[in-house]
Amino acid sequence: MPDKMAKNFDFKEAESRLYRWWEENGWFKPETAPADAEAFVISMPPPNVTGALHVGHVLFTTVEDVMIRYERMKGKAALWVPGTDHAGIATQLQVEKLLREEGTSRHEIGREAFLARTWEWKEKYGGEITRQLRRLGASCDWDRERFTLDDGLSNAVRDVFVRLWEQGLIYRGTRLVNWSPGLQTAVSDLEVEREEENGKLYFFKYPVEGGEYLPVATTRPETILGDTAVAVHPEDERYRHLIGKKAFVPMINREIPVIGDAYVDRAFGTGALKVTPAHDFNDYEIARRHNLPMINIMNPDATLNAEAGAYVGMERFAARERLWADMTAQGITLRVQDHTMVVPRSQRGGEVVEPMLSMQWFVKIKPLAEKALEAVRSGQITIVPERFEKVYYHWLENIEDWCISRQLWWGHRIPAWHGPNGEIHVGTTPPPGDVTGWRPDEDVLDTWFSSGLWPFSTLGWPEQTPDLRRFYPTTVMETGYDILFFWVARMIMLGLWFTDQPPFTTVYLHGLVRDKFGRKISKTLGNVIDPIEIVDQYGVDPLRFALVTGSTPGNDINLDTARVERNWRFVNKIWQMANFVTQNLEGELPPGVPPHTTLDLPSRWILSRLNRLIATVTRLYDTYQYGEAGRQIDEFIWGEYADWYIEMSKHPLYQGTEEEKQQVRRVLVYVLDQCLRMLHPFMPFVTEEAWQYLPHQGQALIVAQWPVSDENYLDDEAERQMSALIDLIRGVRNVREEYNVEPSRKITAWVTGTAAVDAYRHLFARLCNVSEIRVMAVGENPPGESASVAVGDTTLYLPLADFIDLQAECERLGKEQARLEQQVSKSKAMLNNEGFTSRANPDVVAKEREKLASLDAALAQILDRLRQLCP
RNA sequence: GGGCAAUUAGCUCAGUUGGUUAGAGCGCACGGUUCACAUCCGUGAGGUCGGGGGUUCGAGCCCCUCAUUGCCCACCA
């Protein structure tokens, strides 16, 4: 590293260098901390292997990295376990697409070749996402990286499956499931999206024996072919007499009963309902109540099967039209009307999902859900923000059995074998003995089945590894609220069931990243924000800071790149501060700061502010209010340290004695050092790089100690005095601006009152170009044509005869008077209110009195001046 | 049909046990080449905190209600 800082921070060069350096030194590993240090563990939500980095990844990486870096600096054994997810459907789709482009298909090349191709694909692209996570500064322990299809994790998956089977919590059966015809697999309820769409409601006559008919309405006429009953409400006067009679399925004339069931809403449609148990969830329930047969009329690709009679082989929507036309020809249709309805669509691809009867594997989930509910209810696990606990309860209290089998190839194969006589063997190995005629189960497990084990499978479970003992349960699960059910709830259920411990103690949920207008980011909207592009342009730190300071837990964040740009300037500002400080050092500097009593006012002030800030920021970090923490540090370091303290430090630095120089250098270094520490979790790169140039102990900021607030440096009096000085300086600047006094023109100020104006006259010279301060004698008259600035009991008179227009000054003072009077009267009203003085916190009352005294003093002086100047 | 969130300056957002004059950044206006930084500095304009009601000495914050927007859950053919 060069001795002198470069003029600007070269983030491109520094980011990769520092990251490598940190990693090579093993600082991402929990072993950095002493062996007996408390553990702090996060399991990274594994991104999809084939996924491309998007801003959502940046958000979670940043938040988790902030947590990890903070806890690491607090001395904990911080472990962040990274990894990737095989993402069954998503990945399989990508490879299938590739095959299509090559003019072949998975069915053509067969299962084995397909899997080989998918692994190839994974090897090729799977590293990309983790490479990108490194660019973001993620300080995770790459030696512990896992992939959901690793041997160890696959063992865990098989183990869990077998145990659940042995416990009677996994069963196989024919149930009505959501079927995706395109993917040709079952999908879970969570993978189905329901949206209102404009559809049609078809009314027709259901022929009933005796020549009558029942008017019926449906949104999906093709399902008529699978009807096994027509239902009416048992008390419906119109149709009651038909219950028990036979009806006939149109076109195929199958005989079905008319039944009575209270589920039927008499007011909707015609008040009569066709029942298609194999293709509708409600009808399925009705059929179970009435013991009706269930006729599946569809093939896996949603073409109609032999049950559909003449319509066999037709695609479902074509069959709909054709059947309706045929029924119309037969004169049994009534009308078609527009109808908004809820259409279930696949989360992937968006095709219409078909409820279909099929043989699947399920987990009997209620017993697991009970434990998961209890863990949150009892406070063993807390969810941040708290409001999501209610959502969590509601879902788990109404949970349905989990369909875990998928008719895909990419994933964990279900550890089951089917015997020649329909026997089922579930085990980690094939059935013992003669296995002729046995075949392995074809299905794979839902991706979320393996991710549900993530917090403990990544640590070696079911083996009792040292990592598992040391780092499980983990501490925080940080992820998006959109996968609370998919993932978080399942981890809690499976974690409690198999390890008897909650897999983590806190769930921290972040929101979705949207564009600056609050719109969802999507390719079709064309508002995709490519994080790599931003990072190339501004560096990682500004983007990280924008995401963290622009959001609060659980709420979506609208990312405005203007914020990133502003933070890029903030990074430069930090660099320049460090540059200034280092340039003004000379010789050896003792660490720490001089004792409080030996310091000048600005130093006492900045150290008081700093120590207050440390306490606040630490509290904010501890309560997950990272955004507020970041903003506070930002405001302090730019608004107080750079704008005021650095400016004020120039006096002792350039004109002070050797001792004064040394004092202010120590404070400058110390305050910046402490700020860099607090800022490091947010902006790891610029802070580390700048810190290296400051005098420091220890090798690196990443493993430096988190600041501790020192109460000895809290100094109310210094803060009061400085704040008065600052207000006075601002007042002078304002006067100069209003009267267009050239910035270079030195002016004189006459002063009355007790503020430290005289002692710190050099500040006025430097900060508002007041070259001379004249302390007025008691009773002395102020200069005539002058502007005045009053703060508390101190007034500065600025004789500016050439600039001041008396009338303008009177107006200015009048405005000031009005402002003060308004505040005084408000304050007086408060203090005269018996309710306030007797009930409010005494501190608050005392503060209010103080404030009133100060306002009163200032007002009195303004009034005096008005009397003198403006008759 | 239930539930949750949001609504604060032109824009994007803060404001967590109710208590100074409601803040920041961007944008805007004006002014600045002296020794960290023009990726900067200074000054300023800009807000009935969505509407209404209530609790309280005191409400952006708590309660009720309405409105708008977004999201989640839900079996209406």
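Protein chains get the first letters and strands the later ones, always in sequence-line order, with residue 1 at the start of each.
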Atom [atom1] of [X] to atom [atom2] of [N]: distance rounded to whole Å?
X: A/Ile726; N: B/U21; atom1: CD1; atom2: C1'; result: 17 Å
X: A/Lys520; N: B/A5; atom1: NZ; atom2: P; result: 20 Å
X: A/Ile399; N: B/A74; atom1: CD1; atom2: P; result: 11 Å
X: A/Met341; N: B/A77; atom1: CE; atom2: P; result: 7 Å
X: A/Phe485; N: B/A74; atom1: CZ; atom2: C1'; result: 12 Å
X: A/Asn572; N: B/A38; atom1: CG; atom2: P; result: 8 Å
X: A/Leu547; N: B/U12; atom1: CG; atom2: P; result: 17 Å
X: A/Asp634; N: B/U12; atom1: CG; atom2: P; result: 20 Å

**Q.** Option passing side chain to side chain donor-acceptor pair (under 3.5 Å) with A/Arg345 (candidates A/Glu193, A/Glu197, A/Glu195)
**A.**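 Testing A/Arg345 for a side chain to side chain donor-acceptor pair (under 3.5 Å) against A/Glu193, A/Glu197, A/Glu195 leaves exactly one candidate, A/Glu197.
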Residue [X], side-chain heavy atoms: nucleotide from [options] that is nearest:
X: A/Gln625; options: B/G19, B/U16, B/A77; value: B/U16
X: A/Phe268; options: B/C76, B/U16, B/U21; value: B/C76
X: A/Ala642; options: B/C41, B/A36, B/C11; value: B/A36
X: A/Arg733; options: B/U12, B/C75, B/U43; value: B/U43
X: A/Arg566; options: B/C37, B/U12, B/C26; value: B/C26
X: A/Gln576; options: B/A24, B/U43, B/C37; value: B/C37
X: A/Lys573; options: B/A14, B/C40, B/C75; value: B/C40
X: A/Leu190; options: B/G19, B/C73, B/U43; value: B/C73
X: A/Pro743; options: B/C57, B/G31, B/G42; value: B/G31
X: A/Met830; options: B/A36, B/G19, B/G70; value: B/G19

(Q) If a pair means Watson-Crick or G-U wobble with both distances below 3.5 Å, what does RNA chain B look like in dot-bracket form, with | marking bases paired to a different strand? (A) (((((((..((((.....[...)))).(((((.......))))).....(((((..]....))))))))))))....
For the pair [X] and [Y], name the ring-plane relationship: parallel under 30°, tilted 30 to 60°, perpendicular over 60°.
X: A/Phe268; Y: A/His339; answer: perpendicular
X: A/Tyr693; Y: A/Trp575; answer: perpendicular
X: A/Trp395; Y: A/Phe485; answer: parallel
X: A/Tyr624; Y: A/Tyr626; answer: perpendicular

**Q.** Residue closer to the 5' end of RNA chain B, A/Leu559 versus A/Gly271 (nearest nucleotide)
**A.** A/Leu559
Q. Does A/Asp560 or A/Gly835 map to a spot on RNA chain B nearer the 5' end, using the closest nucleotide for each?
A. A/Asp560
Q. Is it the case that A/Thr276 and A/Asp227 place a side-chain donor and acceptor less than 3.5 Å from each other?
A. yes
Contact class for [X] vs. all strands (heavy atom < 4.0 Å): base, sugar-phosphate, or nothing?
X: A/Tyr654; result: sugar-phosphate
X: A/Arg819; result: base
X: A/Gly627; result: nothing
X: A/Asp265; result: base
X: A/His339; result: sugar-phosphate
X: A/Gln583; result: sugar-phosphate
X: A/Asp556; result: nothing

[N] phosphate, OP1 or OP2: any side-chain N/O from [X] under 4.0 angstrom?
X: A/Lys851; N: B/G19; result: no
X: A/Tyr693; N: B/A36; result: no
X: A/Trp638; N: B/C41; result: yes
X: A/Lys847; N: B/G19; result: no
X: A/Arg736; N: B/U43; result: no
X: A/Asn398; N: B/C73; result: no
X: A/Lys390; N: B/C4; result: yes
X: A/Lys7; N: B/U39; result: no
X: A/Arg839; N: B/C57; result: yes
X: A/Lys826; N: B/U21; result: yes
X: A/Arg387; N: B/A5; result: no
X: A/Thr552; N: B/A14; result: yes

Q. A/Met577 pairs by side chain to side chain contact (heavy atoms under 4.5 Å, CB included) with which of A/Thr582, A/Asn572, A/Ile646, A/Leu668?
A. A/Ile646
**Q.** Pairing of A/Glu850 and A/Arg720 as salt bridge, 4.0 angstrom limit
**A.**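 Answer for the salt bridge query: yes.
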Quiz question: going by heavy-atom distance under 3.5 Å, is there a donor-acceptor pair between the base of [N] and the side chain of [X]?
X: A/Glu647; N: B/A36; result: yes
X: A/Glu848; N: B/U20; result: no
X: A/Glu737; N: B/G31; result: no

(Q) Just checking A/Arg519: does its CZ atom have more than 12 heavy atoms from other residues, nucleotides or ligands closer to it than 6.0 angstrom? (A) yes
Measuring only the [atom1] atom in each nucleotide, how far is [N] from [M]? A whole number of Å is fine.
N: B/G31; M: B/U68; atom1: C1'; value: 43 Å
N: B/G52; M: B/U43; atom1: P; value: 36 Å
N: B/A22; M: B/G46; atom1: C1'; value: 14 Å

Q) Are side-chain heavy atoms of A/Tyr645 and A/Val671 found at a separation under 4.5 Å? A) no
(Q) Using side chain to side chain contact (heavy atoms under 4.5 Å, CB included), reason through A/Met830 and A/Leu852 one step at a time and then give a plain yes or no. (A) CA-CA 10 Å; A/Met830 262 174 103; A/Leu852 177 60; over 6 Å; no
Q) Under the 3.5 angstrom rule, does the side chain of A/Arg514 hit a backbone N or O of A/Ile521 as a donor-acceptor pair? A) no
(Q) Stacking between B/U39 and A/Trp568, yes or no? Criterion: centroid separation under 5.5 angstrom, plane angle under 30 degrees. (A)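 Here the ring of A/Trp568 and the base of B/U39 are stacked, with centres under 5.5 Å and planes under 30°.
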